Each structure stands twice: as structure tokens, then as C-alpha cells.
*Asks:* 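Please read through the structure below; I'll follow up with questions.
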Protein chains: 2
Amino acid sequence: MEKLLVAKIGGNIIEDQDSLDSFLEGFSRIKEPKILIHGGGKSATQLASKLGVKTEMIDGRRITSAENLDIVVMTYAGLLNKKIVSGLQKCGSNALGLTGADANVILAEKRPVQFVDYGYVGDVIMVNADAIQGFLNMGIVPVFCAVTHDANGQLFNTNADTIASEIASAMSKNYEVSLFYCFELKGVLEDINDKDSVIEHIDLEKYSQLRDAEVIADGMLPKLQNCFDALQKNVSKVHIANADFIKNNQTKHTTLSL
Amino acid sequence: MEKLLVAKIGGNIIEDQDSLDSFLEGFSRIKEPKILIHGGGKSATQLASKLGVKTEMIDGRRITSAENLDIVVMTYAGLLNKKIVSGLQKCGSNALGLTGADANVILAEKRPVQFVDYGYVGDVIMVNADAIQGFLNMGIVPVFCAVTHDANGQLFNTNADTIASEIASAMSKNYEVSLFYCFELKGVLEDINDKDSVIEHIDLEKYSQLRDAEVIADGMLPKLQNCFDALQKNVSKVHIANADFIKNNQTKHTTLSL
């Protein structure tokens with residue numbers, strides 16, 4: 001099977017122009033077919049603040065009112081997505097920016113209200129792998145922001161880590177997929193105060209131990225859950241690494257396996 | 001040659017939810033391949049005002065500072081484009097939102113400073129008709145907002161009427177193209193105070209007379225220039241019509257010819 005690289009970059013990379021330029025340059029040099037997914041929560045929060053709109057987060061998830069959704073769509077699908085797309089074009093990668101609504105690539109449903117009403121937050125139902133493969137066959141580099149839709153006219157705010165995991169899984173039908181979560185740290189750390197204490201390999205058993213010992217906690221828990229979800233849905237390799245890893249894959253990082 | 005419909009809608013349609021829903025429903029019913037281009041200047045001006053950013057217009061054109069460009073990109077490529085794309089998906093049209101940077105579909109250059117420095121305003125150099133045809137062949141309905149790029153990382157604000165004319169012209173190589181400028185009036189009016197005084201047919205000679213008599217003035221001048229540019233570049237038919245025309249093509253409207 002043909003190889004496919006799926007990379008997700010977080011806000012800290014996107015919102016620093018030098019980090020972003022460096023990442024996009026390295027990413028563009030990868031010869032195999034590739035897909036990029038980006039977040040951008042910090043920019044959305046900044047715009048909300050400038051507009052006097054309240055931002056409320058519960059467990060790191062944004063409570064998305066209609067007003068917040070407009071801000072999310074403007075920031076993710078507008079400002080950040082087009083900055084990344086034009087940056088990739090500059091590097092010679094034929095990027096195409098996408099929300100889940102574009103070409104109906106990601107269908108989602110409104111998260112049901114249980115203890116918390118997250119508002120216009122969508123959970124992924126289906127990734128249209130055929131449409132994405134159609135773009136890849138045209139030599140296009142799809143660039144996804146964290147916005148999905150319900151095919152009934154409603155857009156949703158959806159977690160970018162989850163989108164990356166779902167896309168990587170769906171594409172594994174026809175590709176040997178490597179999934180990279182790129183962020184500001186070098187990987188999952190044994191000691192949060194020691195940036196070099198990278199845990200180089202985590203399997204399900206180790207994950208369970210680290211969770212029990214609370215070495216992995218807070219925002220790292222859903223990230224690792226997305227990693228293992230992807231592995232269980234036939235993604236070949238999953239890595240958590242610094243954004244520089246894309247340029248130098250000898251750098252110490254975390255590799256996940258079942 | 002296969003037929004292709006290219007329609008441009010202005011801000012007054014986009015910014016009124018009922019008008020937009022009605023237009024998108026009619027547009028979706030058209031069986032032949034189709035392309036939509038949209039403006040949205042009013043929404044950009046509103047966002048600028050909320051953010052305390054000054055909007056300066058000269059001859060109806062926005063002076064686009066770096067701050068204004070961000071606002072234009074957020075509004076056109078984010079909020080409005082995704083509202084239209086998700087609205088078309090609801091109607092069963094497989095819409096894909098595009099700026100000129102996406103898949104490198106519209107290349108532009110910064111408008112040279114002569115008497116006025118328009119800032120980040122781009123003039124179209126090239127429309128990538130092959131890429132657009134690739135999307136049409138996938139059953140996709142391309143939806144363009146009024147943002148282009150220079151392939152060197154710079155986005156531009158570009159007039160939506162001009163983009164529509166340039167796209168229609170470029171696609172005429174392989175399609176029999178009809179171009180529709182849809183707006184809130186019924187067409188070009190003989191008397192601006194009489195909404196029913198539609199001039200049903202304008203050729204180059206009539207255009208010259210109407211211009212001399214100042215029946216056509218201000219914003220109508222560049223719109224008509226775009227129409228004639230398209231006709232001179234092999235677009236088959238050009239119409240200026242009310243948005244309802246897309247549902248009922250018996251409605252009185254203006255047809256242009258050379």
C-alpha cells in the first residue's frame with residue numbers, strides 16, 4: 001500500500017510565525033502524499049476577547065455558543081487555514097484548505113447534552129475517505145481546520161486531535177498511514193519539569209501504568225486516547241513529537257503502539 | 001461544448017438569511033456544472049467596526065491594510081464562505097469553498113501604487129482552469145470568495161465581480177459559459193428611482209450611450225466593464241439580474257452582448 005503522512009499541529013506552532021514557517025518548509029519537503037490538520041484555539045480566544053465575547057472552557061473544551069462558533073469559523077477556516085494554505089503554496093505544496101463541510105469531507109453530529117451542554121460542538125460520524133483520496137490523486141495537500149458540519153446547514157467546532165485521528169483511521173483503508181501529533185514539547189514527558197524526559201515508547205500496558213501514576217493527566221489523556229483509537233483502527237504508526245521532528249526524524253520523541 | 005453556469009452574488013443577498021437560503025435552493029436545482037462567487041464587503045466593514053479598525057474606501061474599493069486583510073480573510077474565507085458551503089451541502093450540492101490560494105486556483109499580483117495605494121489588493125494574473133475543471137469532474141460545486149494570493153505567501157483582497165469575470169473567461173476554453181451577476185435589483189435601470197425600469201439589452205454601442213448620458217455611473221461602471229471583458233474573452237452569455245432570476249428565468253433582467 002502507498003504511504004500517507006497525516007500531521008496535526010497545535011496552536012503554539014501556528015501562532016508563532018517562525019515556528020510555522022519552519023514547520024511548513026519541512027512538511028513541504030516530504031515526498032509522499034500528506035495531510036495536515038491544525039488547531040488554533042488561542043487565536044479564537046484572542047478574537048473573542050477583542051469582540052467582548054466570553055470564552056468558557058470545561059476540561060479544555062470550548063463551550064461553543066452561536067457567537068463563539070462564528071469566531072471559531074472566522075479564525076480556524078479563515079485566518080489560520082488560509083495563512084497555512086498560502087504558506088504551503090509558497091513552499092511549493094499544492095495545499096487546499098478544508099472544513100468538514102467542504103466537499104462533505106467530515107460529517108458530524110451535535111454532541112448530546114449530558115452533564116455539560118457544549119453548544120455547537122460536533123462529534124465525528126464519518127470521514128469521506130474517497131473525496132480526500134480524490135484530492136490526493138490530484139497532487140493536492142489537504143489542510144483541515146477543526147470545523148465540521150451535519151450536512152443540514154449547521155457547522156460545528158470539533159477537536160483537531162480527534163479530527164486527525166479520525167482522518168488517519170479512515171485513510172488506512174487504502175494507505176499505510178503514519179500519524180504525527182506535533183507540538184511544542186519533545187513528546188510525552190516522564191517529568192513535566194524536565195523537557196528532555198521523553199518517554200520514547202508507550203504501549204497500552206505502559207499507558208495504563210502512566211495513567212495510574214498520574215504521569216499522564218489533563219490534556220494529555222484525550223490526546224493519547226486519540227492515538228490509541230487510531231492504532232486500533234489500523235493506522236500503522238502514531239508519534240507524538242516536537243514540530244521540528246518533521247525536519248529531523250532522528251530527534252527523540254514518543255512512539256505509540258498497542 | 002458542455003454548458004457551465006458561473007454566478008456571482010453580492011453582499012445584500014449573502015447578508016440576509018432568507019434571501020441567501022432562497023438563492024442557494026434555486027442554485028442547487030440547476031443540473032449543469034456550476035460555480036459560485038461571493039462578495040461580502042458589508043460584513044467585513046461590520047467586523048472592522050466591532051474591532052475598532054478603520055475602513056477606508058476609495059471609489060468603492062477597500063483600502064486594505066494588513067489588519068483589514070485579516071478581517072477580509074476571516075469574513076470572506078471564514079464566516080461567509082462556510083455559511084454558503086454548508087448551506088449548499090444542505091441543499092444537496094457538493095460545495096467546496098475556495099480562495100485563490102487553495103489549490104493555487106487564482107494567482108494575483110499586488111496592485112501597483114499609482115495615485116492610490118490600495119494596500120493588499122490583488123489584480124488577477126491567472127485562473128487555473130484545469131484545477132477548477134478537476135473539481136467539476138468530481139461533481140464538486142466550487143464556491144469562491146474574493147481572496148487571491150501571489151504564490152509567495154501573500155493573500156490579497158480582490159474584487160468579487162472581477163474574479164467572476166476572470167473565472168468565466170478562463171473556463172470558456174472548455175465550456176459554453178453563462179455568467180450571471182445576481183444582486184438586489186432586477187438589472188441595469190434606466191431610472192434608479194424606478195425599480196422596474198430594467199434595460200433588457202445592452203450592447204457595446206448602447207453601453208457607450210448610457211455612459212455618456214450618465215445613466216450608468218458609479219459602481220455600475222466597473223460591473224459592466226467586467227461583463228464586457230468576459231464577453232470579449234469568449235464567455236457565451238452575460239446577465240445582470242435579481243437573485244430570484246436563478247429560480248425563475250422568465251423574470252425581466254439585463255442581458256449583455258458585444
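Because the structure is a prediction, the values reported are computed rather than measured. We use all heavy atoms of the structure for the numbers below, so side chains are in, but hydrogens, waters and symmetry mates are not. By convention in this document, chain letters (A, B, ...) are assigned in the order of the sequence lines, proteins followed by strands, and residues within each chain are numbered from 1.
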*Asks:* Look up atom CG in B:L51 and atom NZ in A:K50, then write down how far apart they are to the nearest 0.5 Å.
*Replies:*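 Answer for the CG-NZ pair, B:L51 versus A:K50, is 6.5 Å.
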*Asks:* Might you confirm whether atom CZ of B:F23 has over 12 heavy atoms from other residues, nucleotides or ligands at distances under 6.0 Å?
*Replies:*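 Yes, CZ of B:F23 has more than 12 neighbouring heavy atoms, counting only those of other groups under 6.0 Å.
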*Asks:* When rounded to the nearest 0.5 angstrom, what distance separates CG in A:N94 from CG in B:D102?
*Replies:*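 Going from CG on A:N94 over to CG on B:D102, the span is 9.5 Å.
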*Asks:* Identify which of B:K83, B:M138, B:Q89 forms the greatest number of heavy-atom pairs closer than 4.5 Å to chain A.
*Replies:*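 Top count of heavy-atom pairs under 4.5 Å with chain A: B:Q89.
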*Asks:* For chain B, which candidate among A:G87, A:C91, A:G97 shows the most heavy-atom pairs at distances under 4.5 Å?
*Replies:*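 Most pairs with chain B among the choices: A:G97.
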*Asks:* Which answer fits A:Y76, side chain, backbone, both or neither, if we ask what part of it has an atom under 4.5 Å from a heavy atom of chain B?
*Replies:*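 For A:Y76, there is no contact with chain B at all, as no heavy atom is under 4.5 Å.
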*Asks:* If you count heavy atoms of other groups shown closer than 6.0 angstrom to OH of B:Y120, is the number above 12?
*Replies:*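 Incorrect, the count does not exceed 12.
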*Asks:* Pick one of side chain, backbone, both or neither for A:L79, based on which atoms fall under 4.5 Å of a heavy atom in chain B.
*Replies:*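 Contact with chain B: backbone and side chain both.
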*Asks:* CD of A:E67: more than 12 outside heavy atoms within 6.0 angstrom?
*Replies:*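 Count not over threshold, so no.
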*Asks:* Count the heavy-atom pairs under 4.5 Å between each of A:I71, A:D21, A:N81, A:D70 and chain B, then report the option with the highest count.
*Replies:*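 Of A:I71, A:D21, A:N81, A:D70, A:D70 has the most heavy-atom pairs under 4.5 Å with chain B.
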*Asks:* Please identify, among A:G52, A:G92, A:G78, the residue contributing the most non-hydrogen atom pairs under 4.5 Å to chain B.
*Replies:*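 Of the candidates given, the most pairs with chain B belong to A:G78.
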*Asks:* If you count heavy-atom pairs under 4.5 Å between each of B:C145, B:A151, B:G139 and chain A, which one has the most?
*Replies:*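 Sorted descending by pairs with chain A, the first entry is B:A151.
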*Asks:* For atom CD of A:E32, decide whether the heavy atoms of other residues, nucleotides or ligands shown that lie under 6.0 angstrom number more than 12.
*Replies:*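 For A:E32, atom CD is crowded (more than 12 foreign heavy atoms under 6.0 Å).
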*Asks:* From B:T99 OG1 over to A:K82 NZ, what is the distance, rounded to the nearest 0.5 angstrom?
*Replies:*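 B:T99 atom OG1 to A:K82 atom NZ measures 5.0 Å (nearest 0.5 Å).
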*Asks:* How about A:H149 and B:V85: do any of their side-chain heavy atoms sit closer than 4.5 Å?
*Replies:*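 No - every pair of side-chain heavy atoms lies 4.5 Å or more apart.
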*Asks:* Non-hydrogen atoms of chain B under 4.5 Å away: do they reach the side chain of A:A103, the backbone, both or neither?
*Replies:*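 The answer is both parts of A:A103.
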*Asks:* Can you tell which part of B:L98 gets under 4.5 Å to a heavy atom of chain A, answering side chain, backbone, both or neither?
*Replies:*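 Side chain only.
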*Asks:* Can you tell me which portion of A:L88 sits under 4.5 Å from chain B's heavy atoms? Options are side chain, backbone, both or neither.
*Replies:*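 The answer is neither part of A:L88.
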